[in-house]
Amino acid sequence: MAKAPVLTPQADDFPRWYQDLINKAELADNGPVRGTMVIRPYGYGLWERMQQEMDARIKKAGAQNAYFPMFIPQSYLTKEAEHVEGFAPELAVVTHGGGKQLEEPVVVRPTSETIINEYFAKWVQSHRDLPLLINQWANVVRWELRPRVFLRTTEFLWQEGHTAHATYEDARDYASMIHTEVYGDFMRNVLGIDVVLGRKTAKERFAGAINTLTLEGMMGDGKALQMGTSHELGQNFAKAFNTTYQLQGAEREYVWQTSWGVSTRMLGGLIMSHGDDNGLRVPPRLAAVQAVVLAIKGEDAVIAKVREIGAALEAAGIRTVVDDRTDTPFGRRAVDWELKGVPLRIEVGPRDLEAGTAMLVRRIAGGKEPVAIDTLAALLPGILEEDQALLLAASRERREARTVDVTTIDEAVEAAVTGWGRISWADLGPQGEAKLAEQGVSVRCIVAADGSVPTADDQEGNVAIVARAY
């Protein structure tokens with residue numbers, strides 16, 4: 001009888017494969033309250049690496065980290081009508097505290113535009129206080145009706161940036177810079193996902209924004225995942241909270257604002273973009289563990305050698321774990337590391353010691369070969385970069401192969417069965433967008449004909465990318 005696969009094959013049931021992988025790779029568990037999750041150490045290690053890479057880029061963009069309360073007076077949300085209407089179905093509201101009914105209900109933070117504007121209004125007095133560039137790493141709560149771990153959870157982790165500027169142009173350019181140089185660079189060059197950068201339609205725009213820029217990734221099953229967004233808020237929140245700065249004399253002007261964020265949803269995108277039937281495949285630049293050195297047998301000489309190799313790889317700047325748990329069968333340990341997607345395995349046994357070699361197993365490129373032990377530290381950095389490039393290329397090739405040009409709504413719906421459709425926005429328009437939505441297909445973003453981000457969603461020649469989405 002054939003041995004049952006560790007994971008449900010993707011081709012049989014992609015959602016089940018996804019859930020199997022999260023469980024078997026020890027990434028996360030469901031929390032006790034519906035829609036919540038417990039992120040396990042290996043999964044959280046990936047999130048920490050995402051944080052580190054993103055945080056460095058955000059600080060390079062001039063933003064400073066701060067922290068704001070998670071409890072927000074309900075009255076704050078009602079100050080911006082479109083914002084409260086957009087979030088009302090997702091709000092978690094606290095009405096009692098300390099055994100008593102609260103005088104005013106408080107909302108558990110769904111996003112922080114309102115509470116941050118309360119303080120921006122205090123902190124901004126003159127043009128010398130601008131631009132004000134703030135970021136926070138926090139958790140948020142949005143009551144999710146159809147939860148899926150990492151993709152849609154009632155509570156999730158994220159960063160949210162909030163900025164105030166003296167002019168529309170400065171705010172617009174900053175939102176665009178975050179979109180391309182912070183998010184786009186990270187997702188392509190660290191996550192290895194060839195995202196499409198575009199702008200949302202008016203229907204899909206963030207509640208309270210005048211423009212939303214998005215990054216859309218194609219997952220392994222051809223569906224789209226919104227990986228991050230950057231919003232131009234105009235002066236909507238500034239007017240609601242009277243966030244102004246002084247011009248010459250006594251005249252005051254409302255600030256122009258942006259907000260932008262990415263979340264633990266990126267972990268879901270990572271899994272569905274790069275995972276295969278053997279488990280996760282982690283891009284080397286992201287990996288918390290880039291190489292694992294495994295002892296095949298528990299002999300003293302083998303244990304000593306794997307520890308020596310581990311120290312040499314660490315000294316070479318490779319994030320390395322030594323697995324010398326020889327009380328656990330080698331085959332089981334090898335499968336566990338394969339499930340976790342560690343880019344490289346270095347396997348060492350008694351015969352390898354005699355030959356002065358180790359077996360190098362590549363998770364991303366596939367294959368294994370013996371390599372001289374004394375060359376590993378010099379050899380592996382180049383291999384890791386090769387594998388990083390392979391994942392990005394595979395992501396791009398899948399997206400290009402499964403994106404087709406269409407001219408009608410019926411063709412767009414058909415294209416969305418296996419991938420994405422690309423249709424003229426002038427031909428589709430808001431009415432066509434509504435018809436697509438009736439069939440479970442959405443306009444993921446608007447791009448220019450050359451693939452760049454357009455300045456206006458109704459500009460002649462712009463193209464709508466349509467797909468089914470997570």
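- Under a 3.5 Å cut-off, the side chain of N211 and the backbone N or O of E232 do not form any donor-acceptor pair.
- A donor-acceptor pair is defined here as one N or O able to donate and one able to accept, closer than 3.5 Å; no such pair exists between the side chain of R468 and the backbone of K223.
- Side chains of S259 and H162: a donor-acceptor N/O pair is absent below 3.5 angstrom, by distance only.
- Looking only at side-chain heavy atoms (C-beta outward), P430 and K203 stay at 4.5 Å or farther from each other.
- Put simply, the side chain of R333 never gets that close to the backbone of D324: no donor and acceptor are under 3.5 Å apart.
- Formation of a donor-acceptor pair under 3.5 Å by the Q257 side chain with backbone atoms of A238 is found in this model.
- Taking CG of L77 as the start and CD1 of I115 as the end, the distance is 10.0 Å to the nearest 0.5 Å.
- In summary, E386 and R362 engage in a salt bridge, as defined by a charged side-chain N under 4.0 Å from a carboxylate O.
- A 4.5 Å side-chain heavy-atom check between R265 and F150 finds every atom pair outside the cut-off.
- Side-chain contact between Y183 and M54: present, with at least one pair of heavy atoms (C-beta onward) separated by less than 4.5 Å.
- With N462 contributing its side chain and W425 its backbone, the two residues share no donor-acceptor pair below 3.5 Å.
- Counting non-hydrogen atoms of neighbouring residues, nucleotides and ligands closer than 6.0 angstrom, the CD atom of Q64 reaches no more than 12 such neighbours.
- Between the T36 side chain and the E155 main chain, no donor and acceptor come within less than 3.5 Å of each other.
- Within the model, atoms OG1 of T154 and CE of M37 stand 10.0 Å from one another, a figure rounded to the nearest 0.5 Å.
- Between the E181 side chain and the M177 main chain, no donor and acceptor come within less than 3.5 Å of each other.
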Cut-off 3.5 Å, no hydrogens considered: what does the side-chain donor-acceptor table look like for residues 21-31, sequence neighbours left out?
{"residue": "K24", "atom": "NZ", "partner": "V6", "partner atom": "O", "Å": "2.9"}
{"residue": "E26", "atom": "OE1", "partner": "K340", "partner atom": "NZ", "Å": "3.2"}

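- Panel note: side chain R399, backbone D194; a donor-acceptor pair is recorded below 3.5 Å.
- No side-chain heavy atom of P370 sits under 4.5 Å from any side-chain heavy atom of D352.
- Between W420 and R444 there is no side-chain heavy-atom pair separated by less than 4.5 Å.
- Under a 4.0 Å N-O distance rule, the pair R363/D276 qualifies as a salt bridge.
- Other residues, nucleotides and ligands contribute more than 12 heavy atoms inside 6.0 Å of the CZ atom of R325.
- The environment of E48 atom CD is dense: over 12 non-hydrogen atoms of other residues, nucleotides or ligands sit within 6.0 angstrom.
- Among residues at least two apart or in separate chains, there is no salt bridge (Lys or Arg N to Asp or Glu O under 4.0 Å) pair with a member in residues 424-439.
- With hydrogens and angles ignored, the 3.5 Å screen pairs no side-chain donor or acceptor of E411 with any backbone N or O of I423.
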Practice prompt. Apply side-chain contact (heavy atoms from CB on, under 4.5 Å) to Y44 and L157, showing your working.
Written response: CA-CA 11 Å; Y44 198 82; L157 307 179; 3.8 Å; yes
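- By the 30° and 60° cut-offs, the orientation of the rings of Y174 relative to H165 is tilted.
- Side chains of S112 and Q136: a donor-acceptor N/O pair is present below 3.5 angstrom, by distance only.
- If you check the side chains of R49 and Q52, you find a donor sitting under 3.5 Å from an acceptor.
- Using a 4.5 Å heavy-atom threshold, the side chains of R188 and V195 count as touching.
- Between M50 and L286 the shortest side-chain heavy-atom distance falls below 4.5 Å.
- Scanning both residues, A61 and L133, for their nearest heavy atoms gives O-CD1, 4.0 Å.
- No more than 12 heavy atoms of other residues, nucleotides or ligands shown are found within 6.0 angstrom of CD on Q431.
- Side-chain contact check for D450 and S452: at least one donor-acceptor pair (N or O, by modelled atom type) lies under 3.5 Å.
- Side-chain atoms of N117 do not come within 3.5 Å of backbone N or O of T114 as any donor-acceptor pair.
- Evaluation of the ring pair (Phe, Tyr, Trp, His ring centres under 6.0 Å) rule for F156 yields W158 as partners, not counting sequence neighbours.
- For the pair E385 and R285, the salt-bridge criterion is met [side-chain N within less than 4.0 Å of a carboxylate O].
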